[in-house]
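Reading through the structure tokens given below for one structure.
Note on naming: letters A, B, ... go to the chains in the order of the sequence lines (proteins, then strands), and numbering restarts at 1 for each one.
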Amino acid sequence: MPELPEVECVRRSLEPHLVGRTIARTRVSLPKLARPHPKALRQGLAGRTITDTQRHGKLLILPLSDGAFWTIHLGMTGQLICAPRRPQAKHIHITISFQDHGPRLYFRDLRQFGFMAFCPDRHSLQTGPLASFGPDALKISPQELAQRLAHRRAPIKTLLLDQHILAGVGNIYADEALFRARISPLARPIDLHPQQLLQLHHAIQQTLHEAITRGGSSVRNFVDARGRAGTFQHQHNVYRRTGQPCPRCHTPISRITLGGRSTHFCPHCQAADRG
DNA sequence: GAATACCTGAGC
DNA sequence: GCTCAGGTATTC
């Protein structure tokens, strides 16, 4: 479920439960979710203390004692659960227990697209889990966004989903940000005025910040580490609203496929010839 | 770029 | 039975 706002909500809900705690034991029941392999994850985490919680795009980064890092990507259906006992749930693939014998951390992932990785130092973090990510979507400047989009020829929606360009925007927030900026998902960067790129940058920031404030979007069943659902799905203007009236002009929302992903937009407010 | 692959489940 | 699902890497 998680795009940048959901991962940020997970990070915030996790922080008070994790920082300062020392890992005792890691149990991996689905080896492919542990990188580079289960033994490295188990041995790397054992005895190390979590010193902070950070996020880059959709990647959770937990700095550890001795300059190591633990990274977690939730993929499409990943969920972190902090609880004293194993929840009555299927698809729990990794369990972390701590030296204080307090609540454990359970990694649940139905579709198995997520992962946990151990990085012994900053270099392996940057050449490993972080290698494929551009700047964080909440930290990138308008100038840098414009620069990174400049000579790309794909439709803008496809580019927003490309984590090499900027990290954190997924299908929901790409559609919602383009609606706010009144830009067609089919527009190419070369078609856009500099002013429109500024609007897009602003729309991305606004949409992501507002979603974080509302606890993220629980389209299917996203919950944070304490089991709380978000409410931003009630603020969606276009995402999964095919055929329903545009909140701005009442034209029915269209749905097309772009880069293999369903794409929702208002054909009037976001008309291609209006950028 | 588009298609496909990795997975399981919900909803029709 | 079929289509769709919020992510990403790899192939043609």
Check: Between B:dC7 and C:dT10, how far is it from one P atom to the other, in whole Å?
Finding: 15 Å
For C:dA5, the nucleotide meeting Watson-Crick or G-U wobble distances (both under 3.5 Å) is B:dT8
Respond yes when some side-chain nitrogen or oxygen of A:His91 is under 4.0 Å from OP1 or OP2 of B:dG9, and no when none is. yes
Any side-chain N or O of A:Arg255 below 4.0 angstrom from OP1/OP2 of C:dA5? yes
*Could you measure between the two P atoms, the one in B:dA3 and the one in C:dT3, and give it in whole Å?*
15 Å
Query raised in the report: If you look at every strand shown and take non-hydrogen atoms under 4.0 Å, does A:Gly170 touch a base, only sugar-phosphate, or nothing?
Result: sugar-phosphate
TODO: State whether A:Lys90 places a side-chain N or O below 4.0 Å from either non-bridging phosphate oxygen (OP1 or OP2) of B:dT8.
DONE: no
Stacking of A:Phe113 on B:dC6 base (centres under 5.5 Å, planes under 30°): yes
Between the OG1 atom in A:Thr95 and the CG atom in A:Leu105, the distance rounded to the nearest 0.5 Å is 8.5 Å
| query | Cationic tip of A:Arg248 within the cone over A:Phe179's six-membered ring, i.e. under 6.0 Å and within 45° of the normal? | reply | yes
note: A:Arg111, atom CZ; B:dC7, atom P; distance rounded to Å ~ 11 Å
Quick one: label A:Thr158 by what it contacts on the DNA or RNA (base, sugar-phosphate, nothing), any heavy atom closer than 4.0 Å.
-> nothing
- Checking all strands, does A:Arg152 fall into the base, sugar-phosphate, or nothing category for heavy-atom contacts under 4.0 angstrom? nothing
query: Cut-off 3.5 Å, side chains only: do A:His123 and A:Asp121 have a donor facing an acceptor?
result: no
_Distance below 4.0 Å between A:Thr77 side-chain N/O and C:dG7 OP1 or OP2_ = no
Ion pair A:Glu15/A:Arg11, N-O distance below 4.0 Å
yes
Exercise. Look at A:Gln112 and B:dC6 and indicate whether a side-chain polar atom (N or O) is within less than 4.0 Å of OP1 or OP2.
Key: no
- prompt: With respect to the phosphate group of C:dT8, does any side-chain polar atom (N or O) of A:His73 fall under 4.0 Å of OP1 or OP2?
  reply: yes
Would you check if the side chain of A:Arg241 reaches a backbone N or O of A:Pro252 as a donor-acceptor pair within less than 3.5 Å? no
